[in-house]
Amino acid sequence: MLLPVFNNGVCVFDFDRCDDFMGKKRVDKAIDKLFNLPEVLNQENVPDASGGRALSTAHLHQTHSIPELLNFKNNQLGDWILRRIFESATLLGFNETRDIKRFKYHRTWANRMEKGCEARPHRHASDAWPTPHLVAIYYTQVPELSADLIFIDDDNLELMNGPLLNDYPDCKQHKIESKTGRLVCHDARDLHATNKHLSELPRTCLIIEVGFAPLP
Ligand SMILES: [Fe+2]
């Protein structure tokens with residue numbers, strides 16, 4: 001579903017088989033294994049994370065590709081996510097400027113946020129930094145009191161990283177609730193953040209950056 005968010009749209013889908021899709025155990029095991037790697041546990045928080053601890057595999061994106069590790073080509077979750085990314089590319093209008101049938105993963109990684117953590121405002125692309133085009137976020141584990149995703153009304157594309165979310169008034173914020181099994185696809189240039197994660201349990205998501213080929 002395409003939701004209007006300020007001057008743009010954001011696509012939100014819920015995977016109805018998120019708790020019982022074929023291959024779920026293997027997917028969960030592979031994600032937990034990632035967060036137990038010494039090179040993840042020993043890495044400091046990414047600069048966008050503030051407050052509590054945030055584990056991320058972003059720095060391992062070249063060697064630990066999420067679609068490969070989770071076997072996207074051969075499981076129901078991967079198939080569902082890929083179809084929704086394709087659908088979102090049309091809903092967000094990328095089909096008018098790019099060949100959306102041919103796309104490449106840019107960085108792909110997993111994030112795990114612990115109590116007190118929040119993601120500071122950031123963009124994944126801008127006019128000067130044209131790729132990726134689309135970002136897909138799939139939430140694998142979202143307990144109650146989890147941080148939600150917040151889009152921010154700020155068209156200054158030169159600003160790749162904003163101040164804290166609280167520095168923006170409520171009227172400049174649009175909340176998309178995070179939820180286990182939810183996929184959010186947005187234009188990589190949209191400024192976004194999260195509010196604070198307040199659960200004792202971690203919140204986990206996958207981030208998939210996608211770039212589309214030029215039109216033939
Ligand atoms: Fe992001």
Side-chain angles (χ1 to χ4, degrees), residues 3 5-13 31 34-35 40 43-61 64-67 81 84-85 88-89 92 94 103-114 117-142 146-168 172-179 182-197 202-212:
L3 301 176
V5 175
F6 302 119
N7 297 328
N8 218 338
V10 171
C11 296
V12 179
F13 307 95
I31 294 171
L34 279 173
F35 290 117
V40 172
Q43 181 79 8
E44 284 183 21
N45 281 7
V46 290
D48 286 344
S50 81
R53 181 75 169 119
L55 296 173
S56 173
T57 68
H59 62 297
L60 304 178
H61 69 95
H64 293 68
S65 152
I66 297 297
I81 289 177
R84 298 292 84 76
I85 287 176
S88 300
L92 296 173
F94 286 109
F103 75 82
K104 252 200 222 169
Y105 295 119
H106 273 250
R107 299 178 305 162
T108 62
W109 70 96
N111 274 350
R112 182 164 280 175
M113 200 179 239
E114 295 179 1
C117 187
E118 64 182 286
R120 296 163 71 104
H122 62 278
R123 300 180 203 277
H124 294 238
S126 71
D127 284 345
W129 192 315
T131 50
H133 300 116
L134 178 148
V135 178
I137 308 156
Y138 179 74
Y139 297 95
T140 63
Q141 181 189 27
V142 181
S146 277
D148 289 313
L149 180 62
I150 314 282
F151 286 90
I152 300 165
D153 186 14
D154 187 335
D155 288 337
N156 175 12
L157 284 176
E158 284 176 18
L159 183 88
M160 288 300 281
N161 296 87
L164 283 172
L165 178 64
N166 279 345
D167 294 328
Y168 291 94
K172 295 267 182 191
Q173 301 184 21
H174 184 114
K175 181 169 88 174
I176 307 267
E177 199 184 328
S178 58
K179 184 179 168 188
R182 176 158 283 182
L183 180 78
V184 179
C185 294
H186 67 86
D187 187 313
R189 293 168 296 185
D190 293 343
L191 190 69
H192 59 286
T194 75
N195 53 16
K196 210 179 268 285
H197 185 64
R203 164 195 186 270
T204 307
C205 60
L206 309 174
I207 290 104
I208 299 160
E209 291 182 334
V210 170
F212 302 108

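In listed order, ligands and their atoms are each counted from 1.
In plain terms, the two heavy atoms of G162 and Y168 that are nearest each other are CA-OH, 4.1 Å.
Protein-derived N/O/S atoms nearer than 2.8 Å to the Fe ion (ligand 1) total 3, waters excluded.
Checked against the 6.0 Å centroid criterion, the rings of H124 and H192 qualify as a close aromatic pair.
Using cut-offs of 30° and 60° on the angle between ring planes, the pair F94 and H133 is tilted.
Between D127 and R189, the closest side-chain pair of non-hydrogen atoms falls below 4.5 Å.
At least one donor-acceptor pair closer than 3.5 Å links the side chain of N45 to the backbone N or O of G52.
Residues passing the salt bridge (Lys or Arg N to Asp or Glu O under 4.0 Å) test with D48, sequence neighbours excluded: none.
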